[in-house]
Amino acid sequence: MPMSKSSAQYSQYAQHHPHDHGRAFQRRPAIAAAAAIPLPATDDAYTIVHAGKQVRFGPVVFWIVVGTVVLLGLWSAATATYFAFRDDVLTRLIARQAEMQYAYEDRIAELRAKVDRTTSRQLLDQEQFDQKLDQIMKRQTALESRATALGAMPDVTGSIPRATPQRGDSSQVTPKPSPISDTVIFVAPPDREARLESRARTVAAPPTNQFAKNQGFDSVLVRLTTSLDQVERRQMAALSAVEEGMDSRMRRMRGVVSDLGLNLANLESAVPRTAMGGPFVPVKLTANAGPFEKQLSRINTTRAEMDRLNRTLALVPYRKPVIGEVEFTSGFGVRSDPFLGRPAMHTGLDFRAASGDPVRVTANGKVVSAGWSGGYGRMVEVDHGNGLSTRYGHLSEINVKVGEIVKIGQVVGLVGSTGRSTGPHLHYETRIEGEAVDPQKFLRAGVRLSAG
């Protein structure tokens, strides 16, 4: 099937046909031949000859066919190549995907291990923080219990009850004892109370990282520990002050009894027993008791002894029988008799006072005399036990009766001028085994006790 380009010259001659043999050749006119055979439109046409037939193609169609054939060839080659090398390509792709997957899995495992380490470290830090915080909370609870014990601790004094100090008045801490009374006052001074400070301070800005957060937690714990240390030091100082004060007062109380020449054992035996009882349980400390608990136990023991000694001294008349400034118009001992002008023994003290002023008993006891008694005028005598007694003379009025039990500071009568008296005043006597002794000796002991 040859293909050739056609020309105008070839088209000018009549074609020879096999059936024309034997026929006379006739020349056809040129014009008729030219009219019968059309000329090609262009000189670029392509002719394909196959089995005596000619097929003519234009240049566009020809190149389209050629391009199609080339594309089909390329497609066939690519398809053949794909099928030929498909297994290798797939193997490489799968291997690359597997490599990427393994790399991702390794990275994930690494990150997971890092997260686990971080979580473990955080858990450990949290556990340590919780342990420290738990220790601080336990210590805080212990200090609060100590503060409660300090606040409830009574302050034993030797004065009669006075007006309760106003809250916030720091100048009036503990009433000073007065020789008029030995009533026990249970007042907890404000400075004895140990207060817990604020535990944590507000953090102004949030931490930027875990390290900063841990540092912040540690700082808070350090501040809490420092605050608790300060509270504990103040509590120990307060406890030491209480113990020192009690020891000092105990020494003064025993010294007063000794200076008065009294027998402490006899005085204690004369103390009336009040209604009390219960099983005996010895005082003991736990094995893990600290310095605070030991010192508190010593203070409680000393306080119990002081309470017993106070009940004993409640029978000793070392207080003033009148309230206010003490002014004597006549002392104990030899003096010039106000009526006879001759030397005479004055068996008591004359206190200057106004008529009608209350006269108070100077120790616990029992009224053994209440009425007119010669030169005493109206007189009250109180027996305090163990040979101690007091007398209150020249009264204008008597407020007690014989056999009545009187307490420290109780009014037994009013100042007057009955009996051998030149004017309103109180004649006061103290006696041991019936013998008159100088009342100032007892009053000076009261002043000594009030010094602390």
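A distance-only check finds no donor-acceptor pair linking the side chain of Asp307 to the backbone of Arg303 [under 3.5 Å]. Using modelled atom types, one side-chain atom of Arg249 and one backbone atom of Leu449 make a donor-acceptor pair closer than 3.5 Å.
Checked against side chain to side chain donor-acceptor pair (under 3.5 Å), Thr118 has no partners two or more places apart in sequence or in another chain.
Between Phe351 and Tyr428, the ring planes lie perpendicular to each other; the angle is over 60°, past the 30° to 60° tilted range. Ring orientation note: the planes of His427 and His394 are nearly perpendicular, at an angle over 60° on the 30°/60° scale.
Nearest heavy atoms, Met236 versus Gln295: CE-OE1, 3.4 Å. Arg420 and Asp337 make their closest contact through NH2-OD2, 3.1 Å (heavy atoms, listed as atom of the first residue, atom of the second, distance).
No salt bridge links Glu397 with Arg378; every basic N to acidic carboxylate O contact stays at or beyond 4.0 Å. Ionic pairing of Arg112 and Glu110 is not present here: no N-O contact between side-chain nitrogen and carboxylate oxygen is shorter than 4.0 angstrom. Here Arg335 pairs with Asp350 in a salt bridge; the nearest charged N to carboxylate O distance falls below 4.0 Å. At a threshold of 4.0 Å, the pair Asp259-Lys441 does not count as salt-bridged, since none of the basic side-chain nitrogens sits closer than that to a carboxylate oxygen.
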Worked verdict on Val412 versus Asn399 for side-chain contact (heavy atoms from CB on, under 4.5 Å): CA-CA 5 Å; Val412 296; Asn399 296 341; 5.8 Å; no
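By the neighbour-count criterion of 12 heavy atoms within 6.0 Å, atom CH2 of Trp372 is densely surrounded, having more than that number from other residues, nucleotides or ligands. Environment of CD in Glu244: sparse, with no more than 12 heavy atoms of neighbouring residues, nucleotides or ligands closer than 6.0 Å.
Using modelled atom types and a 3.5 Å distance limit, the side chains of Gln97 and Gln101 yield no donor-acceptor pair.
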